[in-house]
Novice: 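The structure's right below; bear with me while I get my questions together.
Positions are given from 1, in the same order as the sequence printed here. The structure presented is a predicted model; accordingly, all values stated were derived computationally and were not measured. No hydrogens, no waters, no symmetry mates; every other heavy atom, side chains included, goes into these values.
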Amino acid sequence: STLIFDLGDLESVAKATSSYRSSGRGLDTLINNAGVMALPARLETRDGFEMQLGINHIGHFALTVGLSEVLETSAQPRVVTVSSVMHRFGRINFADLNSEIAYSPWAAYSQSKLANLLFAFELGRRFDAAGSGLVSVAAHPGYSATNLVASGPMMGSRSASTFSALQRVVAQSAARGAAPVVMAATASTVSGTYFGPGGPGQLRGRPVIVTAAQRAYDSDVAKRLVALTEKMTGVTLPF
């Protein structure tokens with residue numbers, strides 16, 4: 001069956017997760033994969049968060065917390081969080097997390113993708129410390145030829161044609177880009193593992209275990225981000 005909700009609306013996420021918990025259905029794997037990229041102008045979610053942070057990180061945070069109770073009942077539960085090579089350019093700007101003082105499309109996107117990894121790795125540390133059977137891993141698709149650029153918010157901008165041309169030369173297929181996510185969801189692994197393409201720059205290639213930027217493993221920043229996200233969402237990690 002299909003569960004329809006809006007990651008940019010915390011009330012919608014809460015209703016959806018509540019409905020799922022009440023349904024009696026199980027859940028083996030949660031893949032946090034939805035997202036928006038490099039919005040030309042600053043937009044906000046229904047709750048007033050910068051759109052990329054709100055959907056890519058905050059919405060998935062609330063979704064994961066809302067479904068954690070169901071996941072725990074599975075024999076081998078897993079949370080897969082999808083990031084991007086762009087996380088390497090990201091910084092968590094606690095002084096302006098919602099880009100209200102200054103907005104840059106790619107800075108906001110990169111921050112949200114770094115937030116994905118900080119959350120995924122912190123979630124794994126907490127699962128392990130609690131002795132939970134839940135596993136939290138991450139993945140990224142490299143540079144994949146999808147419609148995110150051609151049909152996305154940058155369409156019509158000068159950068160769109162550049163990205164489209166680059167995509168034809170450098171990018172791998174969408175199917176190959178999905179492979180690291182599939183591996184993250186199915187391979188025998190432990191929390192904290194990160195999957196991506198094994199080629200140069202992790203842009204393309206067969207899926208392998210890869211290493212994230214060092215700042216993605218900063219547990220102090222991750223704890224601070226989680227605490228702030230809990231305050232922003234009103235939902236708390238059960239670990």
Side-chain angles (χ1 to χ4, degrees), residues 5-13 32-65 81-122 138 140-144 146-167 171 201-203 212-218 220-235:
F5 58 94
D6 181 357
L7 279 169
D9 181 347
L10 291 177
E11 182 179 358
S12 176
V13 175
N32 291 323
N33 184 49
V36 291
M37 184 181 77
L39 302 181
R42 184 184 181 277
L43 300 175
E44 292 186 349
T45 66
R46 182 177 178 182
D47 303 287
F49 306 126
E50 186 278 316
M51 188 73 74
Q52 295 178 88
L53 182 75
I55 291 177
N56 299 357
H57 167 61
I58 294 174
H60 282 125
F61 179 95
L63 179 67
T64 303
V65 172
T81 301
V82 180
S83 185
S84 163
V85 290
M86 291 299 294
H87 86 274
R88 296 182 176 279
F89 302 96
R91 299 289 190 280
I92 303 300
N93 184 0
F94 287 109
D96 189 24
L97 195 64
N98 272 301
S99 305
E100 294 172 294
I101 299 173
Y103 177 76
S104 164
W106 286 109
Y109 177 71
S110 298
Q111 176 182 244
S112 73
K113 292 288 101 180
L114 176 58
N116 286 154
L117 287 180
L118 287 163
F119 173 53
F121 296 154
E122 176 63 14
H140 78 88
Y143 190 7
S144 302
T146 69
N147 289 328
L148 189 58
V149 173
S151 302
M154 292 189 300
M155 186 64 178
S157 71
R158 286 181 294 179
S159 61
S161 58
T162 301
F163 272 90
S164 295
L166 189 62
Q167 213 168 236
Q202 299 179 22
L203 295 179
Q214 191 59 43
R215 68 182 68 91
Y217 301 102
D218 190 324
D220 290 334
V221 172
K223 288 184 177 69
R224 185 179 176 187
L225 178 64
V226 166
L228 183 56
T229 308
E230 288 177 330
K231 183 178 180 180
M232 295 166 79
T233 60
V235 298

Novice: What is the distance from atom OG1 of Thr229 to atom CZ of Arg224, rounded to the nearest 0.5 Å?
Specialist: 11.5 Å
Novice: Measure the spacing between CD1 of Ile55 and CG of Asp6 and express it to the nearest 0.5 Å.
Specialist: 6.5 Å
Novice: What closest approach, in Å, do Leu7 and Ala34 show between heavy atoms, and which atom pair accounts for it?
Specialist: CD1-CB, 3.5 Å
Novice: Partners of Arg91 by side chain to side chain contact (heavy atoms under 4.5 Å, CB included), sequence neighbours excluded?
Specialist: Arg215
Novice: Test your reading of the model: is there a side-chain donor-acceptor pair from Asn93 to the backbone of Leu97, 3.5 Å cut-off?
Specialist: no
Novice: Quiz question: by atom type and distance under 3.5 Å, do the side chains of Thr81 and His60 form a donor-acceptor pair?
Specialist: no
Novice: Mind checking the CG-NE2 spacing from Asn116 to His140? Nearest 0.5 Å is all I need.
Specialist: 12.5 Å
Novice: Under a 4.5 Å cut-off applied to non-hydrogen side-chain atoms, are Phe61 and Met232 in contact?
Specialist: no
Novice: Is the backbone of Phe49 close enough, under 3.5 Å, to the side chain of Asp47 for a donor and an acceptor to pair up by distance?
Specialist: no
Novice: Rounded to the nearest 0.5 Å, how far apart are CG of Leu43 and OG of Ser99?
Specialist: 11.5 Å
Novice: As an exercise, state the distance from CG of Asn56 to CG of Asn33, rounded to the nearest 0.5 Å.
Specialist: 10.0 Å
Novice: A side-chain contact here means heavy atoms from C-beta on lying under 4.5 Å apart; do Gln52 and Tyr103 qualify?
Specialist: yes
Novice: Is there a donor-acceptor contact under 3.5 Å from the side chain of Ser110 to the main chain of Ala107?
Specialist: no
Novice: Taking the side chain from Arg42 and the backbone from Asn98, do they hold a donor-acceptor pair closer than 3.5 Å?
Specialist: yes
Novice: Please check if the side chain of Asp9 supplies one atom and the backbone of Thr45 the other of a donor-acceptor pair under 3.5 Å.
Specialist: no
Novice: Could I get the full list of side chain to side chain contact (heavy atoms under 4.5 Å, CB included) partners for Ala62, not counting sequence neighbours?
Specialist: Leu10, Val13, Val235
Novice: Output the distance between atom OG (Ser84) and atom OH (Tyr109), rounded to the nearest 0.5 Å.
Specialist: 3.5 Å
Novice: Mind listing the closest non-hydrogen atom pair of Gly201 and Val85 along with its distance?
Specialist: O-CG1, 4.2 Å
Novice: Short question: side chain of Glu122, backbone of Val226 - any donor-acceptor pair under 3.5 Å?
Specialist: no
Novice: Do Gln111 and Lys113 come within less than 4.5 Å of each other through their side chains, counting heavy atoms only?
Specialist: no
Novice: Looking at residues at least two apart in the chain, or sitting in another chain, which of them share a side chain to side chain contact (heavy atoms under 4.5 Å, CB included) with Ala212?
Specialist: His87, Leu117, Phe121, Tyr194, Ala216, Tyr217
Novice: Tell me whether Ser112 contacts the main-chain N or O of Leu53 through its side chain, where contact means a donor paired with an acceptor under 3.5 Å.
Specialist: no
Novice: Taking it one step at a time, do Thr64 and Asn32 satisfy side chain to side chain donor-acceptor pair (under 3.5 Å)?
Specialist: CA-CA 8 Å; Thr64 303; Asn32 291 323; 3.0 Å; yes
Novice: Considering all heavy atoms of both residues, which atom of Leu228 and which atom of Phe94 are nearest to each other, and what is their separation?
Specialist: CD2-CD2, 4.0 Å
